[in-house]
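Worksheet for the structure shown next.
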Amino acid sequence: MALPYTHHYDLSFSALNLKKFGSSHLQPICCLRCNSSVSSSPFTEKHSLQRYQRDQWVYNNDNQQRPSLSCDDEAASCSVPADSDSIRLNDITLQLPELRKLLQVLKHKRESCGGEVPKSGLGDVFLVGTGPGDPDLLTLKAVKVIQKADILLYDRLVSNAVLDLVGPDARLLYVGKTAGYHSRTQEEIHELLLSFAEAGATVVRLKGGDPLVFGRGGEEMDFFQQQGIQVKVIPGITAASGISAELGIPLTHRGIANSVRFLTGHSRKGGTDPLFVAENAADPDSTLVVYMGLSTLPSLAQKLIHHGLPPDTPATAVERGTTPQQRMDLADKIKTAELVSPTLIIIGKVVALSPFWPQSLTEASRLVEV
């Protein structure tokens, strides 16, 4: 299946001087700017017009006040008040009548096809990884499941291009999380999934990347196992693999990097300190890939240097990788470049092997010799 998804960008890299992170004296070898004509986000932002249009069915109750959809044409973001728990709870309250109605419709549909469904014959539940954003990177199995689903609960980092593949009769429900705003708690997501499964629906939980790599897919699997329900997991291409392949960066390379480590840069309390950086994460013969590391990168860089990572280790930060809005800049220039989430950070000698790295052939030969 060939999906239309053309994009063009001009790529180049520079080394990350970890020791002088944040210094105004850093001199990059070169820089990059994306040549994309598309400026809007490829993902579902928390109060975007696209979200409310896509989930419009759940706000159709005539007795409820619908969210305002008056938007700025360029920003494409709705006039919704500042985030707070009351905003979140109000949004859920608006959705409840149609959610209950859908449950009744699904139950009636299943019962009319052969009587009451026993507990062991609940609807199918799928955890589906949608990759880093480019729909061409979806597996065939993922496309088939997406197109036959009754209802799909999707995260923020499931791209709009992937959601365009959903069947015309299916229902979409946004359950995404972003810094400062969780449209649903993890426990509420569990209960929604269970309710639809008990109604006999084919339920698909859509997650960006791979559902079992920093995606909390294991928690959802565990929840269903405790309910005696089997969940089918369809893997996706995790951002580390998809983005590194897009840029020609081998995550491992004979004689240069004998291992790769995926790290979360996320701080559970929303601070600037990475959750966990092991001493052996600074191994110069390994490749480090940092997910969710925008806000904690300064502290992460200091810890890696403290544990022995050479200050001149090549590195790059890639925003919205594999989408038309892909943008990349120096990891030490994140603040000035105003990169936004999701941004993946790749640190290691293999970065210099990319065909887009300045004098990549010379650098590759030198590294192999060493």
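- Remark: side-chain polar atoms of Glu319 are paired, donor with acceptor, to backbone N or O of Val340 under 3.5 angstrom.
- Although no hydrogens or angles enter the test, the distance criterion places no donor-acceptor pair under 3.5 Å between the side chain of Ser241 and the main chain of Ile237.
- When atom types are taken as modelled, the side chain of Gln147 and the backbone of Lys144 share no donor-acceptor pair closer than 3.5 angstrom.
- A distance-only check finds a donor-acceptor pair linking the side chain of Gln326 to the backbone of Thr322 [under 3.5 Å].
- You'll find the side chain of Arg205 reaches within 4.5 Å of the side chain of Ile189, heavy atoms only.
- The CG atom of Leu212 lies 10.0 Å from the CD atom of Glu220; values are rounded to the nearest 0.5 Å.
- Contact of the Leu138 side chain with the Val128 side chain is not registered, since no non-hydrogen atoms from C-beta on lie closer than 4.5 Å.
- Taking the side chain as every heavy atom from C-beta outward, Phe223 and Glu187 never approach each other to under 4.5 Å.
- Under a 3.5 Å cut-off, the side chain of Ser354 and the backbone N or O of Val351 do not form any donor-acceptor pair.
- Side-chain contact check for Arg54 versus Leu163: some heavy-atom pair is nearer than 4.5 Å.
- Arg261 and Thr287 share no side-chain donor-acceptor pair at under 3.5 Å.
- Ser299 contributes no side-chain N or O that, together with a main-chain N or O of Thr296, makes up a donor-acceptor pair within less than 3.5 Å.
- Distance alone, capped at 3.5 Å, places no donor-acceptor pair between the Thr343 side chain and the Leu339 backbone.
- A donor-acceptor distance shorter than 3.5 angstrom exists from the side chain of Asp150 to the backbone of Thr202, with no hydrogens or angles considered.
- Asp124 and Lys232 are joined by a salt bridge, as a carboxylate oxygen and a charged side-chain nitrogen come within less than 4.0 angstrom of each other.
- The closest donor-acceptor contact from the side chain of Thr252 to the backbone of Ser259 lies at 3.5 Å or more, if one exists at all.
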Practice task
Start with the C-alpha distance between Glu191 and Arg184, add both sets of side-chain angles, then the distance that settles salt bridge (charged side-chain N to carboxylate O under 4.0 Å, His left out), and finish with yes or no.
Solution key: CA-CA 10 Å; Glu191 293 302 325; Arg184 300 275 180 167; over 6 Å; no
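- Closest of all the heavy-atom pairs between Asn258 and Ser286 is OD1-OG, 4.3 Å.
- Taking CG from Leu309 and CD1 from Ile347, the interatomic distance works out to 7.0 Å, rounded to the nearest 0.5 Å.
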Practice task
Using the side-chain contact (heavy atoms from CB on, under 4.5 Å) rule, take Leu288 and Phe262 through it: C-alpha gap first, then chi angles, then the decisive distance, then the call.
Solution key: CA-CA 6 Å; Leu288 300 182; Phe262 296 168; over 6 Å; no
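- For the pair Asp283 (side chain) and Asp285 (backbone), a donor-acceptor distance under 3.5 Å is present.
- In this structure, the side chains of Leu300 and Val290 come closer than 4.5 Å at one or more pairs of heavy atoms.
- Using a 4.0 Å cut-off between charged nitrogen and carboxylate oxygen, Arg327 and Glu338 do not count as a salt-bridge pair.
- Put simply, the residue from Ser159, Ser41, Pro42 that forms a side-chain contact (heavy atoms from CB on, under 4.5 Å) with Gln325 is Pro42.
- To the nearest 0.5 Å, atom CD1 of residue Ile346 and atom CE of residue Met328 are 8.5 Å apart.
- Side-chain contact of Arg156 with Ser341: a donor-acceptor pair under 3.5 Å is present, judged by distance alone.
- Two residues are said to be in side-chain contact when any heavy atoms from C-beta on lie closer than 4.5 Å; Leu193 and Phe224 meet this criterion.
- Residue Gln186 qualifies as enclosed at atom CD: its count of foreign heavy atoms under 6.0 Å is above 12.
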Handout entry: side-chain contact (heavy atoms from CB on, under 4.5 Å) between Val260 and Val289, worked out
Key = CA-CA 8 Å; Val260 59; Val289 183; 4.2 Å; yes
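- Considering all non-hydrogen atoms of both residues, Val350 and Pro250 come closest at CB-O, 3.0 Å.
- Cluster membership for Met221 and Val175, using ILVMFWY side-chain heavy atoms within less than 4.5 angstrom, is shared.
- Considering all non-hydrogen atoms of both residues, Ile345 and Ala317 come closest at CG1-CB, 4.2 Å.
- Using modelled atom types, one finds a donor on one side chain and an acceptor on the other under 3.5 Å when comparing Thr238 with Tyr291.
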